[in-house]
Amino acid sequence: MRIWLGLVCLGLWGAALWAQGGGVTPQELLKPLKEQWPTYNGDYSGRRYSLLKEVNTATVKNLSLAWMIRLTPGMPQAGGGGGRGRFAPPSTAKRIVGGEGTGDLQLGGGTIKASVLMVDGTLYFSMPDNAWAVDARDGRELWHYYWKTKGGTHIGNRGLAMWNNYLYMETPDNYLVSLEAKTGKERWHKPIADLEQGYFSTPAPVVAGNHVLVGTGNDIDSPGFLQSFDPETGELQWKTYMVPMKKGDPGLETWASLDAARHGGGQTWIPGAYDPETKLYIIGTGNPTPAYTTGKRGDGDNLYTCSLVALDVETGKIRWHYQTSPHDLHDYDSAQTPILADLPFNGKMRKLVMTAARNGYFFTLDRVTGERLVSAKYGMHTNWAKGLNRNGAPEHDPVKDPTVGGALVSPTAEGTVNWQPPAFSLDTGLFYVPEWNAFSIFYLTDLDPRGSMGLGGKEEVGVGSPGDYLSAIDYKTGKVVWRHRWYGMGGSGGLLATAGGLVFAGDGQSNFVAHDARTGKPLWHTRIGNISNAPQTYLLDGHQYVTVATGDTLWAFVLN
Amino acid sequence: MLAPAVLAQRSGGFVPGQKRPPGDPVEIARGKQVYGISCRSCHGADLRGGDMGGPNLLRSQLALADRAGELIVPVIQGSLARSGMPAIPMSPEDAKAVSAYVRSVMDTIGGQGKPPSEMAPPSILVGNAGEGEKFFGQKCAGCHAVTGDLRGIATRLADPKVLQNTWVAGVVRRGGFGTPRSTKPTLVTLTPKTGAKVEGKLVRMDAFQVTLELEDGTIRSFGRDGEAPRVEVKNPLQPHIDMLPQLTDQNMHDVTAYLVTIK
């Protein structure tokens, strides 16, 4: 109730109240992506399609550096200052320390893979155990929050969520931490999973209505789940497992035993997309475990691993699912960002969800019902499946499973794409995604009939790549309309599309590139290092900024 | 799950940075003995599950979360009797000792949940050498000869797996993710719209420029503007890369079975 009154006030006073450090109202989160970037994908649709067009196919050639900042993660040192000693711009940033560890663990992860929130002139972003607020105009650090970890896999952190004046961050040792956006001061932290059981948390939380949606990860045969927390208090609202956990749970028939299901994985390590109309949060789930051996999993599909799962945000109930990799044996998580759009399909407007999966297949579904409309191979050399099953999902070809003699498979376990956010342009109707086509030989190394554990039991050896591309897929057919050849594994951080007719991507050769969204032709580039997060854009003082990260450095570009 | 290449950096056991108390060796030894008598038949000698229906304890959420027997001891005392784990009579000290033993084995779980007790990998030789020889004659003999450049290849690369990785990739490949690179240079020829061709060894290339090492050792870069200059790239591995999409696993296994005979 109190919160609702607050919103009304903001509405009444409008811009006058929005001094720097203003918050994100639930209404703000419902807008299509334009001036601000208030949630992981910019807006709920997952399209990463900005309506801004000051930077466009004609003007992009004048895009140039506004500022850059290099961040120093870890325990704040006196003086601080961006890792460049006395040559760094002076920093007066506030330092805040939290966490339940001892502060002496160095577990790496000093790379910005996060999406950067831009709200009211301030950028908020993260690395594992670290959060920052930075002035969006000049890249000046405003505060730095450091979390003393107890351990866990520090592979990345996908960013923060925001609700009113509060921020939310997940930590590798499985806490949900809430900060005051203005000061970086901690409000509370809540445990979200057990480190001892091998869980580690990398996702950006997503706020939908009165829910902070929180996923986690795990590599050692533990069940995946999605949780919802109260944004005000951090109270758990619901927890939904992605595998059957007890007798009678749907999907149990797709596992050989309850024990197998309960250790079956299906982690929720990449944020989903949200449809406010149907209140469905649609998320892609991770691989089944053990990842490379059938063992006690049985020959069934192993639901709801490697699936798109639509949950009711109010209750956490699963409304529908569509499995994009039944009985996966290559660690092809389906943890890719789904994209929502209302588009014509066979002469009718349909509410669609699309995904380009790690396994090299592209899918278009009806997002209200989960009905499959399109499935097609987009990986040029994808060869692990022998065709589509009765649901239109690729069916694994046993000779391409990890085998004793070795199976020559494309894509590698890294996938045709991995976690990197794709983009979709409402102007071109094209779905943009990195397409990696390398081959590996997958050897089965452990013949134990019980199967292996975690990601064990196989050896994978990379043997060559016929080429990687930035690819544009027609959502109506799943056909690749154009490919732009990269001289390296481009798209490493993900993609951005804009109404200026552009698609932004790294090219795997340290260039940050703007492409013509219709043809893929590069129109602008700058060589700043290997891109580590998805490019983003926002509007400030009437000017469109484009940001991207390379490791520990964040760059902002503007038309000069 | 996540990108495997990056995960390789993890330290220690399966939870990076986690410091479990080491445990008392005498208690662990006692627990191992008790385990052998009271648990092994159902949970297996390696704790990964046995013939008599006991589940894998190394991935048991309950056992993983146990710190000092507080979760495992009640199970031994019968808390899961209804679902198939009988109460097992023993002193509380022995029950705690078993739990200490279970925890000590958990400490040996590898990165990304790899089990501590993997079987020795089987021989990868599953193909037919005769078929492999035929295939070699058709598809490889144009560029290679077992009496020439590949003479003694199976002596040089004695591990059949390394031999297979190598002949598929076209360069010695002992293991690892990622794209193999030739040890020989990639040669590039640039043909400008006007003027002389330039040849050199590739340093790096993208859509915007090509950088070459010229014959005299100088490094020069050249801007690219669409088709100008025309760029011809000769990656020594290209014939092998071109082979990848066509090669069946059967062919691959057969050729390997053949090449291991070329000692």
Side-chain angles (χ1 to χ4, degrees), chain A residues 105 107-108 149-155 194-198 217 219-222 259 263 267 269 286-287 289 331 333 381 399 403-408 412-414 418 438-439 441 443 445-448 450 452-457 459-466 487 507 509 511 522 525, chain B residues 1-7 9-11 14-19 48-49 55-56 58-59 61 64-65 67 109-110 112-115 118-119 121-127 161 164-165 168-170 173 175-180 204-208 237 240-242 244-245 247 249 252-253 256:
Chain A
L105 276 184
L107 294 169
T149 188
K150 292 197 294 186
T153 298
H154 279 57
I155 188 170
D194 190 345
L195 183 65
E196 310 284 330
Q197 295 175 350
D219 288 331
I220 178 174
D221 298 10
S222 289
D259 181 64
H263 296 92
Q267 307 297 330
W269 59 277
N287 58 284
T289 47
D331 193 19
D333 297 270
H381 299 295
V399 307
T403 56
V404 168
L408 182 62
T412 71
E414 183 88 23
N418 198 287
F439 282 80
I441 304 180
Y443 295 100
T445 56
D446 189 355
L447 289 181
D448 194 318
R450 299 169 300 179
S452 187
M453 283 168 53
L455 281 85
E459 187 188 345
E460 182 186 346
V461 180
V463 288
S465 175
Y487 298 87
D507 73 345
Q509 280 286 338
N511 292 298
H525 70 280
Chain B
M1 51 172 301
L2 306 175
V6 196
L7 270 174
Q9 65 188 9
R10 52 194 302 159
S11 58
F14 79 97
V15 177
Q18 186 199 44
K19 288 178 198 140
R48 283 172 60 194
N56 181 345
L58 297 186
R59 64 179 202 176
Q61 272 80 55
L64 284 166
R67 291 182 162 269
I109 297 172
Q112 298 190 305
K114 243 171 129 63
E118 283 198 347
M119 291 179 169
S123 162
I124 67 142
L125 290 173
V126 297
K161 190 187 277 182
Q164 176 163 284
N165 298 337
V168 173
R173 188 73 177 148
F177 300 110
T179 309
R204 111 175 173 79
M205 171 156 95
D206 58 33
F208 316 105
L237 295 182
H240 279 257
I241 292 169
D242 292 344
L244 294 173
L247 195 61
D249 294 307
M252 180 168 81
H253 300 153
T256 303

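Note on naming: letters A, B, ... go to the chains in the order of the sequence lines (proteins, then strands), and numbering restarts at 1 for each one.
The environment of B:R204 atom CZ is dense: over 12 non-hydrogen atoms of other residues, nucleotides or ligands sit within 6.0 angstrom.
When atom types are taken as modelled, the side chain of A:H263 and the backbone of B:R59 share a donor-acceptor pair closer than 3.5 angstrom. Here the side chain of A:R450 pairs a donor or acceptor atom with the backbone of B:G49 at under 3.5 angstrom. Judged purely by atom type and a 3.5 angstrom limit, B:D249 uses its side chain to pair as donor or acceptor with the backbone of A:L408.
Contact tally against chain B (heavy-atom pairs below 4.5 Å) for A:P466, A:G152, A:G151: the top residue is A:G152. Ranked by heavy-atom pairs under 4.5 Å with chain B, the first of A:G456, A:G462, A:G454, A:S452 is A:G462. Note: A:I441 leads A:I441, A:T412, A:L447 in heavy-atom pairs under 4.5 Å with chain B.
With respect to A:D219 and B:K114, no salt bridge is recorded, no charged nitrogen being found less than 4.0 Å from a carboxylate O.
The shortest distance between side-chain heavy atoms of A:D507 and B:F208 falls below 4.5 Å.
When the side chain to side chain contact (heavy atoms under 4.5 Å, CB included) test is applied to B:D242, the partners found at least two apart in sequence or on another chain are B:Q238. Under the salt bridge (Lys or Arg N to Asp or Glu O under 4.0 Å) criterion, A:K150 pairs with no residue, sequence neighbours left out.
Going from atom CG of B:L64 over to atom CG of A:D194 covers 8.5 Å, rounded to the nearest 0.5 Å.
With a threshold of 4.5 angstrom between heavy atoms, A:N511 approaches chain B through side-chain atoms but not through N, CA, C or O. For A:L105, the part lying under 4.5 angstrom from a heavy atom of chain B is the side chain only.
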